[in-house]
Number of protein chains: 2
Amino acid sequence: MISESSARDPRGKAIAMSDSSAIPTSLDPETIEPRHGTTAYPPPFRAVCEGRAKRALGSVFALTQFGVNMTELAPGAATAQRHWHEREDEFVFILDGTATLVTDAGETELAAGTCAGFPAGRADGHMIVNRGTTPVRLLEIGSRAAEEVGHYPDIDLRMEKRDGAMRFTSKDGTPYAGE
Amino acid sequence: MISESSARDPRGKAIAMSDSSAIPTSLDPETIEPRHGTTAYPPPFRAVCEGRAKRALGSVFALTQFGVNMTELAPGAATAQRHWHEREDEFVFILDGTATLVTDAGETELAAGTCAGFPAGRADGHMIVNRGTTPVRLLEIGSRAAEEVGHYPDIDLRMEKRDGAMRFTSKDGTPYAGE
């Protein structure tokens, strides 16, 4: 799942606006304020996202069926903990830099201009990490299911989404402290 | 709707393969054979797509919930006839070149690195045209509804999709010759 926040404060300078609303038709993503390192993961699992900056683009256009993030990864940062989803398809396109895709098969370099895809229900966790020394910029697209389960093969974490609200627990359902 | 064909003959040199199948996990889009100018439009409306080359990426990864095309527009070519959808969200990201977005509001230049979004049901037709002298390359993402209606404000065309099968007629439902 692409955890794109709603466009609360996009500060988006729209290039073109639709006739009758504040929803833009097109925009320059650089005009959207990024969210730095924000994640709903319980505290033990947050560090991996510290160098991650996400610009939520789909919500700005009022898209509801899939989310689109333009995400920048500083050296060492990852898109997410390694995971797979039961119901949501995902797609990633590398815009700049060289990223590393981690799956059950190991690590694969993804150069700028290459892409990756993760169909719903394929039980092979994925994450994209910046193992280099310069920033990586990528687009993440993920469909949005109201009900979803996320699996994290490397850590004691499970995500359940009901009516669109995500909840993270340990694999046996125990809540984490502070959740 | 993003009319991405199924991956019949992708000729995709996979960079990473999933364990147990021929579905790649990542790839270089340039290894996918493009479809040149193919469109299901009735003959009178096909010319606009003649300089268009589409690489269907989502299907190669077995994604079913949204389609992803990497599309190249030669000077003069367009992504589609100007249209809007009742049920499917669309998103476009310009990778290279300068494109022109056409909506009810008129024409807007979209530079490389900018994006556009079209929520399902917004009754404002859109198309992206290359009015320049060098190629435009873009990503198109569109959700996939089994049942859909497409509206074409500038021409006598209507699209209906039932059980995933598209059918184009004139606005009053009359089939076009040869359809």
Side-chain angles (χ1 to χ4, degrees), chain A residues 14-21 23-31 57-68 70 87-95 99 101 103-111 113-120 122-124 126 128 137 139 141-145, chain B residues 14-21 23-31 57-68 70 87-95 99 101 103-111 113-120 122-124 126 128 137 139 141-145:
Chain A
I15 296 173
M17 303 290 286
S18 63
D19 272 340
S20 56
S21 76
I23 300 168
T25 301
S26 62
L27 59 80
D28 180 347
E30 299 295 333
T31 62
L57 305 182
S59 298
V60 179
F61 295 120
L63 306 187
T64 59
Q65 298 165 10
F66 54 85
V68 181
M70 193 169 86
R87 300 194 183 181
E88 293 170 329
D89 282 350
E90 282 186 77
F91 177 85
V92 169
F93 188 93
I94 310 296
L95 295 169
L101 169 66
T103 66
D104 285 350
E107 302 207 345
T108 306
E109 277 204 354
L110 299 181
T114 65
C115 58
F118 314 104
R122 186 169 68 196
D124 181 357
H126 65 272
I128 291 171
R137 210 164 50 100
L139 288 175
I141 292 103
S143 44
R144 287 176 162 171
Chain B
I15 295 174
M17 302 290 285
S18 63
D19 273 339
S20 56
S21 77
I23 300 166
T25 301
S26 62
L27 59 81
D28 179 348
E30 298 294 333
T31 63
L57 305 182
S59 299
V60 180
F61 296 119
L63 306 186
T64 59
Q65 298 166 11
F66 54 85
V68 181
M70 192 169 88
R87 301 193 182 183
E88 293 171 327
D89 283 349
E90 282 186 79
F91 177 84
V92 169
F93 188 94
I94 310 297
L95 296 170
L101 169 66
T103 66
D104 284 353
E107 302 208 346
T108 306
E109 276 204 357
L110 299 182
T114 65
C115 58
F118 313 104
R122 186 169 67 196
D124 182 358
H126 65 273
I128 293 172
R137 211 164 49 101
L139 286 176
I141 293 102
S143 44
R144 287 175 163 172

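Letters A, B, ... mirror the listed sequences (proteins, then strands); counts begin at 1.
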Worksheet item: Checking A:Ala111 against chain B: side chain, backbone, both or neither under 4.5 Å from a heavy atom?
Response: neither

Discussion item. I want to check something: taking the side chain as every heavy atom from C-beta on, are B:Cys115 and A:Pro29 in contact at a cut-off of under 4.5 Å?
Written reply: yes

Practice prompt. For A:Arg137, check side-chain hydrogen bond (donor to acceptor under 3.5 Å, both in side chains) against everything at least two apart and list the hits.
Written response: A:Asp96

Worksheet item: Looking only at heavy atoms, which two atoms of A:Ser59 and A:Arg144 are closest? And how far apart?
Response: OG-NH2, 3.4 Å

Item to complete: Please state whether the side chain, the backbone, both or neither of B:Leu139 comes within less than 4.5 Å of a heavy atom of chain A.
Response: side chain

Worksheet item: For B:Glu107, which residues count as a side-chain hydrogen bond (donor to acceptor under 3.5 Å, both in side chains) partner, sequence neighbours excluded?
Response: B:Arg131

Discussion item. Shorter than 4.5 Å, heavy atoms on both sides: which option in A:Gly106, A:Ala116, A:Ala120 has the most such pairs with chain B?
Written reply: A:Ala116

Worksheet item: Given that the side chain runs from C-beta out, which part of A:Leu95 has a heavy atom under 4.5 Å from chain B: side chain, backbone, both or neither?
Response: side chain

